[in-house]
Q: 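Structure incoming, see below.
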Amino acid sequence: MRPIRLALPAMALLLCALAVPTAEAAPTASGDWTAAPASGGGTRPSSDGRPYFYLEGPPGTVLQDTLSLSNPSDAPLTVKLRGAAAYNATNGDFAVRRTPDPWIALAAPEVRIPPRTRADVPFAVTVPSGAQPGDHPAALMADAGGRDVGVRLQLRVSGPTLSALTVESVRVDKAHGLIRYALVNRGNTALTPRLALRADGVFGRALDRPARALPVELLPGQRVELSEPWPQPPALDRVSVHLDVTADGGAHAAAGASATFVPWGAVAGAALVVLGGAATALRLVRRRRRRPGEPVEVLAAERELAQTGALQ
């Protein structure tokens, strides 16, 4: 769909789309209501059943699309709607803000859907004139009956794009058998990073994992804390861990950390054995210096006499 210019007051005219429900939807086995992009919308050619919204346009334009809500149950349903900007949770999960996104305007904040009916709700995205180029991920959130459903909105502001990231805070968590690190998206496009991991020690390579896609979509400007399992590190070695991360668009970053592995239990046991052996040897030496049947006091007296003669 070609981007169109639409003044926000004109959104009131779109409410007529809610007055008459669209064709009935077939009931589902569970009876759960659904929210999804309506057929034929967006600024990118697509077939029916698109999993998310995709809108793209330059700063200063207004983009339009339609959210489709289906109520397969036998009771009327009231759905509350809002648009929300997206971000990465600390662990990398896709999350949305609680406050409404000022760029997104829905035809109505609340919709009442009759039984076994589908309602299409138009909405518009106003791209500010000073908006930065790149991805501005968001979602349309629908709430009804104590259940939240989110539909992803991939919004891209036209202009130069930059794919860039950094790897930070690398450390080996020996207590939990993990290699911990952070990824930061320094560009203006969403990234799906790939990680290659290796560890080199004094006795050779201790870990070697080829590049694989991480289960996270790193949004622009976001930082996530991730970890890689290392359940069987070397028992005795000093290793250098190296992380190499790449993503589409030429993004690349690398970082590392060092760690020393010492089997302290075995070291402590060996130390006790050495100390025990030293104590035993000392006792044997003392026994050899004593003549058979001679009391300890005699030996002490002889040592004192010898020291006195040496002084003279």
Side-chain angles (χ1 to χ4, degrees), residues 1 3-6 8 11 14 35-38 41-44 50-69 79-111 121-144 147-165 182-193 215-226 247-249 251:
M1 180 177 179
I4 63 171
R5 295 186 179 274
L6 176 67
L8 286 179
M11 290 298 295
L14 299 176
T43 54
R44 173 186 292 174
R50 52 191 176 132
Y52 55 83
F53 296 104
Y54 182 87
L55 297 172
E56 181 175 357
T61 58
V62 178
L63 310 172
Q64 181 185 351
D65 211 325
T66 305
L67 175 69
S68 182
L69 301 169
V79 183
K80 295 181 179 179
L81 302 170
R82 67 182 176 93
Y87 68 100
N88 284 116
T90 304
N91 64 355
D93 289 346
F94 186 90
V96 296
R97 308 287 181 189
R98 293 186 177 274
T99 55
D101 188 335
W103 291 20
I104 303 173
L106 287 135
E110 186 174 294
V111 181
V121 185
F123 68 93
V125 178
T126 302
V127 182
S129 58
Q132 295 296 317
D135 293 334
H136 296 263
L140 295 185
M141 303 300 298
D143 178 14
R147 176 169 164 254
D148 267 339
V149 174
V151 183
R152 175 76 177 268
L153 170 57
Q154 292 189 196
L155 172 63
R156 171 163 288 191
V157 178
S158 303
T161 58
L162 171 66
S163 298
L165 57 80
L183 292 183
V184 184
N185 188 335
R186 302 291 182 181
N188 61 359
T189 63
L191 302 174
T192 302
V216 62
E217 181 182 10
L218 189 58
L219 305 181
Q222 298 295 299
R223 174 191 175 95
V224 299
E225 302 285 343
L226 302 173
D248 292 341

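For the single chain, residues carry numbers from 1 onward in sequence order. Because the structure is a prediction, the values reported are computed rather than measured.
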Q: Would you compute the distance between atom CZ of Arg98 and atom CZ of Arg82 and round it to the nearest 0.5 angstrom?
A: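 That separation rounds to 8.0 Å.
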Q: Work out which heavy atom in Thr66 is nearest to a heavy atom in Phe123; give both atom names and the distance.
A: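 Residues Thr66 and Phe123, closest heavy atoms: N-CE2, 3.7 Å.
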Q: Would Arg97 and Tyr87 count as a cation-pi pair here, with the cationic atom under 6.0 angstrom from the ring centre and within 45° of the axis?
A: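 Ring-cation test returns yes.
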Q: With a 4.5 Å cut-off on side-chain heavy atoms, are Glu56 and Ser158 touching?
A: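 Yes; the side chains approach each other to less than 4.5 Å.
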Q: Which residue in the set Leu153, Leu81, Leu63, Thr126 passes side-chain contact (heavy atoms from CB on, under 4.5 Å) when paired with Ile104?
A: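 Of all the options given, the one that passes is Leu153.
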Q: Shortest non-hydrogen contact from Val224 to Ala89?
A: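 Looking at all heavy atoms of both residues, the closest pair is CG1-O, 3.8 Å.
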Q: If you compare all heavy atoms of Ala247 against all heavy atoms of Pro193, which two are closest, and at what distance to 0.1 Å?
A: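 Where Ala247 meets Pro193 most closely, the heavy atoms are CB-CA, 4.2 Å.
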Q: Please give me the minimum heavy-atom distance between Gly83 and Leu140, naming the atom from each residue.
A: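 So the minimum-distance heavy-atom pair works out to CA-CD2, 4.1 Å.
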Q: When you compare the side chain of Pro137 with that of Gln154, does any pair of heavy atoms fall below 4.5 Å?
A: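 No, side chains not in contact.
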Q: Using a strict cut-off of less than 4.0 Å between a Lys/Arg side-chain nitrogen and an Asp/Glu carboxylate oxygen, indicate whether Asp148 and Lys80 qualify as a salt bridge.
A: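 The answer is no: the pair does not qualify as a salt bridge.
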Q: Would the distance check show the side chain of Asn88 and the main-chain N or O of Leu218 forming a donor-acceptor pair, the cut-off being under 3.5 Å?
A: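 Judged by distance alone, no pair lies under 3.5 Å.
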Q: Tell me, do Asp135 and Leu155 make a side-chain contact under 4.5 Å, heavy atoms counted?
A: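 Contact flag for Asp135/Leu155 side chains = no.
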Q: Flag the pair Trp103 / His136 as yes when at least one side-chain heavy-atom distance between them is below 4.5 Å, and no otherwise.
A: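 The answer is yes, as the side chains (C-beta and beyond) meet within the 4.5 Å cut-off.
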Q: Just verifying a value: how many Å separate Glu217 CD and Gln222 CD, rounded to the nearest 0.5 Å?
A: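 Atom-to-atom, Glu217:CD and Gln222:CD are 11.0 Å apart.
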Q: What do the steps show when you test Val79 against Asp143 for side chain to side chain contact (heavy atoms under 4.5 Å, CB included), and what is the final call?
A: CA-CA 6 Å; Val79 183; Asp143 178 14; 5.9 Å; no
Q: Report the C-alpha separation of Leu165 and Leu191 in whole Å, then their side-chain angles, then the decisive distance to 0.1 Å, and conclude whether the side chain to side chain contact (heavy atoms under 4.5 Å, CB included) test is met.
A: CA-CA 9 Å; Leu165 57 80; Leu191 302 174; 3.7 Å; yes
Q: Side chain of Asn185, backbone of Ser163: donor and acceptor closer than 3.5 Å?
A: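 No, Asn185 side chain to Ser163 backbone: no donor-acceptor pair under 3.5 Å.
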Q: Checking Phe94 against Val216 for the side chain to side chain contact (heavy atoms under 4.5 Å, CB included) test, could you report, in this order, the C-alpha distance in whole Å, the side-chain angles of both residues, the deciding distance, and whether it holds?
A: CA-CA 8 Å; Phe94 186 90; Val216 62; over 6 Å; no
Q: Side chains of Thr189 and Pro220: closer than 4.5 Å at any heavy-atom pair?
A: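 No, their side chains stay 4.5 Å or more apart.
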Q: Might you point out which heavy atoms bring Gly150 and Met141 nearest each other, and give the distance in Å?
A: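 It is CA-SD, 3.6 Å.
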Q: Do Leu67 and Pro37 have side chains that get closer than 4.5 Å, going by heavy atoms?
A: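 No, side chains not in contact.
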Q: Taking atom CZ of Arg186 and atom CZ of Arg223, what is their separation to the nearest 0.5 Å?
A: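 One gets 8.0 Å once the value is rounded to the nearest 0.5 Å.
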Q: Has Asp248 got more than 12 heavy atoms of other residues, nucleotides or ligands less than 6.0 Å from its CG?
A: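 Result for CG/Asp248: open.
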Q: Looking only at non-hydrogen atoms, find the nearest pair between Asn188 and Pro160 and report the distance.
A: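 Heavy atoms of Asn188 and Pro160 come nearest at ND2-O, 3.1 Å.
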